[in-house]
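One structure is given here, and the rest of the page talks about it.
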Amino acid sequence: MRISRSFGKTLREAPAEAETISHQLLVRAGFIQQLAAGLYQFLPLGWRSQRKIAEIIRQEMDAAGALEVNMPVVQPRELWEQSGRADTFFPPLATFEDRRNRKLILAPTHEEAVTTMVKANISSYRDLPVNLYQIQTKFRDETRPRAGLLRTREFMMKDAYSFDADEEALDLSYIAMVEAYKKIFARCGLDVTMVDADSGGIGGKDSQEFVLLAENGEDVVLLCDHGDYGANVEKAEFVKKPNPPEEPLEIEEIATPGVTTIEELAESLGIPTNKTAKAVFYTVDGDVVIVTIRGDLDVNEAKLRNLLGGIEPRFSTAEEVAKSGLVAGSASAVGLDHIRSIVDDSITLGANLVAGANKEGYHLKNVNFPRDFKADIVADIATARPGDTCPIDGGRLEARRGIEVGHVFKLGTGYSESLDAKFLDAQGESHPIIMGCYGIGVSRLLGAIVEAYHDERGMILPKAIAPYAVYLASLNVDDDEVVSKADQLYEDLTAAGVEVLYDDRDEKPGVKFNDADLIGLPLRVVVSRRGLGNGEIELKGRTEEKASYVAVGDAVSAIQDRLE
RNA sequence: CGGGGAGUGGCGCAGCCUGGUAGCGCACCUGCUUUGGGAGCAGGGGGUCAUCGGUUCAAAUCCGGUCUCCCCGACCA
């Protein structure tokens with residue numbers, strides 16, 4: 001493509017609203033343009049890059065045995081009422097009415113639609129397994145779209161759904177997708193980290209996330225420094241350090257006027273925080289629940305939610321706390337038999353803790369579990385932190401920020417049950433189909449790539465997803481020889497199947513070099529009067545400091561070699 | 001939804017405090033010169049100053065409402 005005939009131009013300065021580096025660079029390079037908050041238009045360069053990503057995904061999904069389909073973005077709201085998600089999905093479904101006053105929604109995801117598609121076409125175990133995918137627009141009315149393509153309201157997603165007859169088959173489908181994802185990201189030229197993930201309110205036993213590590217990422221992941229464990233902070237497990245063993249002592253009330261936090265308590269008594277028990281109140285389905293955890297740890301709400309069967313807990317309000325007879329700042333589960341109690345297993349790793357006395361200004365020494373209070377559930381509900389011990393090999397966990405570019409999880413039978421998608425097994429018995437789902441944020445991926453791969457001059461695009469492979473610049477367009485040689489090279493490269501963005505504008509060299517760096521194609525090729533004087537063409541990789549030179553006659557093959 | 005910031009040619013900004021009919025840089029058009037890291041000179045085109053209302057002889061500027069965008073938080077495939 002000749003730049004003189006293309007559409008979209010580069011900007012010296014980014015719009016003031018673009019703060020994230022990928023957002024700035026994508027706008028400045030003329031890849032995308034904002035239409036409204038969280039809504040972007042793709043210009044030719046950006047769309048070309050997007051299509052390349054989609055094509056890689058398509059090839060690998062096909063190779064993994066998945067079949068491409070297409071489902072509507074506009075769907076009857078009724079379908080979502082059947083699955084039970086019409087009112088619970090967050091962010092709320094974008095709903096509107098058609099001319100016959102039927103309620104329609106813009107689909108934020110496609111489990112309902114695909115399950116309906118499968119239901120009509122699958123009736124026997126002989127029809128399974130099946131894996132269907134699409135590359136499709138989604139709409140989610142996000143509370144706060146941000147950071148350019150990293151969190152938009154309308155976005156492009158590849159979503160795949162597997163359907164199996166039993167758990168073992170689901171495991172195979174899942175593994176096939178994980179392997180396909182690894183290939184996809186590798187082919188895109190990306191170093192993507194796979195971590196254990198929270199499966200969310202949907203449930204299901206396994207879930208993993210594919211994260212591109214980047215400073216601006218929204219996700220926090222914990223990685224073992226030995227490289228054998230990684231997990232989203234919502235999911236991460238760790239080895240809790242036990243307190244030194246002690247004989248349980250008699251419980252004892254002590255006055256602690258004005259002390260309401262764990263830090264104050266530990267300081268005033270001269271003890272470490274792991275010798276205290278922290279009580280936190282959550283409201284779940286309208287009831288207050290008391291959660292007890294060792295003072296040196298924090299509650300992980302995602303783990304708590306999973307423990308509660310997917311119900312989202314929230315901090316109780318001051319009124320709710322007071323109404324339950326709890327004393328904020330001096331509370332504990334001791335003596336509170338009427339309130340549901342959840343205990344983190346860290347409480348079992350020490351004796352003689354200091355806990356609230358449920359009386360303002362007083363705490364209790366030598367509190368021991370289960371001697372002094374009950375638990376309805378004991379489980380791991382603690383948040384892992386950097387420096388904690390890896391659950392696999394005792395290594396040290398380190399925190400990194402990243403951008404979630406893919407997510408796979410085992411759904412189970414939730415949708416096939418609510419939407420009645422069943423199959424008959426060999427014995428003629430009916431079962432709900434077992435599902436998995438597998439997403440890749442296609443438009444987000446472009447933003448994530450730029451976020452992770454850029455320098456002060458512009459983007460550094462991996463070859464596989466760059467809109468063109470070569471930035472060909474002619475430097476002295478008043479020189480007929482330069483123009484004819486550059487034109488010829490452009491023709492020859494194009495004929496040889498090399499994708500070339502040809503900067504044939506009448507611009508100063510500096511303008512062309514700067515645009516080349518900004519757009520960040522892998523290889524820059526320069527035809528100039530000076531070079532031709534030596535019978536040479538100049539080649540420079542985007543990340544190379546110095547250019548190299550090849551004879552004019554060898555240019556095409558040399559460029560092809562460089563792109564290998 | 002809570003907190004903060006901002007809306008002035010395509011982009012970046014000044015002007016607002018102290019009202020007097022809009023300016024700078026980039027980009028764009030014409031001409032000449034220039035040509036290896038965002039050229040120079042000369043001439044030129046383009047703005048309902050987000051919007052609605054109020055105050056005033058007069059509003060980009062003062063007052064009020066509304067809308068939009070960005071950031072932090074909450075939330076989040």
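All of these numbers come straight from a predicted model, not from anything done at the bench. Here is the naming used below: chain letters follow the sequence lines, and residue numbers restart at 1 for every chain.
The P atoms of B:C69 and B:G64 are separated by 24 Å, rounded to the nearest whole Å.
Counting heavy atoms of neighbouring residues, nucleotides and ligands inside a 6.0 Å radius, atom CZ of A:Arg51 does not exceed 12 of them.
Side chains of A:Thr152 and A:Tyr40: no donor on one and acceptor on the other come within 3.5 Å.
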B/S/- contact track for nucleotides 30-48 of chain B, protein heavy atom under 4.0 Å: -----BBBBB---------
Base versus backbone protein contacts along nucleotides 67-72 of chain B [heavy-atom cut-off under 4.0 Å; B, S, -]: --SSBB
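In this structure, A:Pro15 and A:Val405 both approach RNA chain B, and ranking their closest nucleotides by distance from the 5' end singles out A:Pro15. Heavy-atom nearest nucleotides on RNA chain B were determined for A:Glu13 and for A:Pro91, and the one closer to the 5' end corresponds to A:Glu13.
The partner of B:G36 is absent, by the rule that a Watson-Crick or G-U pair needs both atom distances under 3.5 Å. Shown here, B:A74 forms no base pair; nothing in the strands shown gives a Watson-Crick or G-U wobble contact with both key distances under 3.5 Å.
Using a 4.0 Å heavy-atom distance criterion, A:Thr143 is classed as a base contact.
The cationic group of A:Arg48 lies under 6.0 Å from the six-membered ring centre of A:Tyr468 and within 45° of the ring axis, placing it in a cation-pi geometry.
Distance CD (A:Glu142) to P (B:A74): 15 Å, rounded to an integer number of Å.
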